[in-house]
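The structure presented is a predicted model; accordingly, all values stated were derived computationally and were not measured.
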Amino acid sequence: MTSMTPLVPSPSSVFINLLSSQGCFVVFEEEVGNICASTIVAIVAIVVPNVILVALLVLGCCCCWRRRRNKNHDADLEMGDSSNCFVKKSLHFDLATIEAATNRFSNEKKIGQGGFGVVYKGTLPNGQEIAAKRLSRSSLQGDIEFRNEAALVALQHRNLVRLLGFCLEGAERILVYEFIPNSSLDRFLCDHENQAELDWATRYQIIVGIAGGVKYLHEDSSLRIIHRDLKASNVLLDDEMNPKISDFGMAKIFHGDQSQVDSTTERIVGTYGYMAPEYAMYGELSVKSDVFSFGVLLLEIISGTKNTSYCQSHDYDDLLSYAWKNWKNQTPFLILDPKLRGWYSRNEAQRCIHIALLCVQENPADRPSMASVVLWLNSYSVTLALPRQPASVFLGSPSPDRLRHQLYSDRSTSSISMNNYLITEIYPR
């Protein structure tokens, strides 16, 4: 019988059994868990601060960029849109000063409203009367208007409204002008009581003054400026009934000589009834665009009738057509304001009608320069060319249905804006 050799456990198995009997596996598992937890804590301790640091860096960069953008935006407002002319700090008005002058922009001080701002009358501490135009805070066009007006601060002419300074604090953009006491020309043309003050001598004085102001913009100033919105409501009258052209927010500013003042723009701005047809239809802009508007305005002054309302009370499409019909029939004086009651210079009246018809010729090349217009108004020694049939002032303008659609598309301003048109309604001051 073979004897059986007893199985002797190996040292390793004995050690394992010993550890197991003493609960050492539990301790081992706990150590492993502790090691994993320590690793996680170390990873978190390294990663989280880095993430926070990166986030702070990104936030800091964003703040710097925003501050720089706001600074550049304010600087852009202080720089002329085309002239790159810095508005001197000496022209800056404190907001508190303007608020005190206008009784904190009270309704009692409100004297007018345009497409992009409200105008208030104010009195400075030294007694000087001002007109403060508070531009809309939400309007991009308000920014453009501010830059345009500020760029023209150096303009000095007896027939231009003088910009005294500006206020640029926070969201406020305010332009401060000299106060013109007799309001705007359109009130005298539309208000039957005020029309009595417009005798022929006064009307002729206004015509000559407007022509001189536009000539200065086109040829005599350091810049070359196309007003683009010449109309009766943008002509103010001082206490002696001298005209002063205002509202240069839509002006186009050029550098250089006369040959450079021609361009094509995709953005049409102006007022329905005054825009030259080539500009309204094709965006072809030149000084002759202002000449056309001047011709319309000239006919309005001598007839006492607004062109934009003419077709509502007459059988003709517009005032231009009526003037041309009477010119052909050799009855030009029929277009004169009946309130003149025959008290006018026949030579001056006929010459004004003749000049107006030359200014509203359909072909821009057939229109005179404003220098010629000023010469013709002050001298009778120059023979004028014969006019041709004028362009329709409404030729190429948006249809009534399109205008109505545009009006509903932007009720936040007094402008009709769509498809690159910016056509303002007429607001009396």
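At distances below 3.5 Å, at least one donor-acceptor pair connects side-chain atoms of Arg224 with backbone N or O atoms of Ser221. In terms of modelled atom types and a separation under 3.5 Å, the side chain of Ser289 and the main chain of Leu285 share no donor-acceptor contact. Of the possible polar contacts, none joining the Arg162 side chain to the Glu178 backbone as a donor-acceptor pair under 3.5 Å is found. Checked by atom type and distance alone, the side chain of Asn148 pairs as donor or acceptor with a backbone atom of Gly249 at under 3.5 Å. Of the possible donor and acceptor atoms, none in the side chain of Tyr120 sits under 3.5 Å from a partner among the backbone N and O of Ala101. With His227 contributing its side chain and Lys252 its backbone, the two residues share no donor-acceptor pair below 3.5 Å. Listed for the Lys110 side chain is no donor-acceptor partner under 3.5 Å among the backbone atoms of Val119. No donor-acceptor pair under 3.5 Å is formed between the side chain of Glu362 and the backbone N or O of Pro390. No donor-acceptor pair under 3.5 Å is formed between the side chain of Gln205 and the backbone N or O of Trp200. The closest donor-acceptor contact from the side chain of Thr102 to the backbone of Ile98 lies under 3.5 Å.
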Begin from the C-alpha positions of Leu189 and Leu198 and carry the test side-chain contact (heavy atoms from CB on, under 4.5 Å) through to its verdict. CA-CA 8 Å; Leu189 294 178; Leu198 291 180; 4.1 Å; yes
Kindly indicate, with the supporting measurements, whether the criterion side-chain contact (heavy atoms from CB on, under 4.5 Å) is fulfilled by Cys352 and Ile207. CA-CA 9 Å; Cys352 283; Ile207 292 168; 4.1 Å; yes
Please test Thr331 against Lys325 for side-chain contact (heavy atoms from CB on, under 4.5 Å), starting from the C-alpha separation and ending with a verdict. CA-CA 9 Å; Thr331 56; Lys325 176 253 185 184; 5.6 Å; no
Let's go through Leu168 and Phe93 carefully: what are the C-alpha distance in whole Å and the side-chain angles of both, what is the deciding distance for side-chain contact (heavy atoms from CB on, under 4.5 Å) to 0.1 Å, and is it a yes or a no? CA-CA 8 Å; Leu168 184 62; Phe93 283 79; over 6 Å; no
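Checking Leu217, Leu175, Leu163 one by one against Phe248, the side chain to side chain contact (heavy atoms under 4.5 Å, CB included) holds for a single residue, Leu217. When Trp327, Tyr380, Trp376, Trp324 are each tested for a ring pair (Phe, Tyr, Trp, His ring centres under 6.0 Å) with His354, only one passes: Trp327.
Relative to the ring axis of Tyr177, Lys133 does not place its NZ or CZ within 45° and under 6.0 Å from the centre.
By the 4.5 Å heavy-atom criterion applied to side chains, Val214 and Leu230 are counted as neighbours. You'll find the side chain of Phe292 stays beyond 4.5 Å of the side chain of Cys359, heavy atoms only. Between Pro368 and Val291 there is a side-chain heavy-atom pair separated by less than 4.5 Å. Residues Ser369 and Val287 fail the side-chain proximity criterion, which asks for heavy atoms closer than 4.5 Å. Asn347 places none of its side-chain heavy atoms less than 4.5 Å from the side chain of Arg351. Annotation: side chain of Met241 is in contact with side chain of Asn182 (closest heavy-atom distance under 4.5 Å). Taking 4.5 Å as the limit, some side-chain heavy atom of Asp290 sits within range of a side-chain heavy atom of His218. Annotation: side chain of Ser372 is not in contact with side chain of Val382 (no heavy-atom distance under 4.5 Å).
Dense packing is recorded around CG of Asn329, with more than 12 heavy atoms of other residues, nucleotides or ligands lying under 6.0 Å away.
Nearest approach of Glu169 to Asp94, heavy atoms of both residues: OE2-CA, 3.5 Å. Across Met370 and Lys215, no two heavy atoms sit closer than the pair CB-CA, 3.8 Å. Residues Pro243 and Ile206 share a closest heavy-atom pair of CG-O, 3.4 Å. The minimum heavy-atom distance linking Val373 with Ala211 is given by the pair CG1-CB, 4.1 Å. The two residues Ile210 and Ile245 come nearest to each other via the heavy atoms O-CD1, 3.8 Å. In terms of heavy-atom proximity, Asn234 sits nearest to Asp229 at ND2-O, 2.8 Å.
Note: Gln113 CD to Arg134 CZ = 12.0 Å, rounded to the nearest 0.5 Å. A distance of 7.5 Å separates CG of Asp247 from CG of Leu236, quoted to the nearest 0.5 Å. In this structure, CG in Leu297 is found 9.5 Å from NZ in Lys306, a value given to the nearest 0.5 Å. Atoms CG and CD1, on Leu124 and Ile130 in that order, are 4.5 Å from each other to the nearest 0.5 Å. Put simply, CD1 on Ile302 and CG on Leu319 are 8.0 Å apart, with the number rounded to the nearest 0.5 Å. Rounded to the nearest 0.5 Å, atoms CD1 (Ile174) and CG (Leu135) are 8.5 Å apart.
Remark: Glu99 pairs with Leu95, Arg104, Phe105 by the side chain to side chain contact (heavy atoms under 4.5 Å, CB included) rule, at least two apart or across chains. By the salt bridge (charged side-chain N to carboxylate O under 4.0 Å, His left out) test, Glu278 is found to be paired with Arg367, residues two or more places apart in sequence or in another chain being considered. For Lys288, the salt bridge (charged side-chain N to carboxylate O under 4.0 Å, His left out) criterion is met by no residue, not counting sequence neighbours. Partners of Arg341 according to the salt bridge (charged side-chain N to carboxylate O under 4.0 Å, His left out) rule, which considers only residues two or more places apart in sequence or in another chain, do not exist here.
For the residue pair Ser321/Asp318, the side-chain donor-acceptor check at 3.5 Å is satisfied. Between the side chains of Glu108 and Asn103, no donor N or O sits under 3.5 Å from an acceptor N or O. If you check the side chains of Tyr344 and Arg203, you find no donor sitting under 3.5 Å from an acceptor. Using a 3.5 Å distance cut-off with no hydrogens or angles, the side chains of Lys231 and Thr271 do pair a donor with an acceptor. For the residue pair Glu300 and Tyr274, a side-chain donor N or O sits within less than 3.5 Å of a side-chain acceptor on the partner. For the residue pair Asp186 / Ser184, a side-chain donor-acceptor distance below 3.5 Å is found, with atom types taken as modelled.
Applying the salt bridge (charged side-chain N to carboxylate O under 4.0 Å, His left out) test to residues at least two apart or on different chains, the pairs with a partner in residues 370-391 are Asp366-Arg388. Residues in residues 370-383 take part in no salt bridge (charged side-chain N to carboxylate O under 4.0 Å, His left out) pair, two or more places apart or across chains.
Under the 30°/60° scheme for interplanar angles, the aromatic rings of His157 and Tyr216 are found to be tilted.
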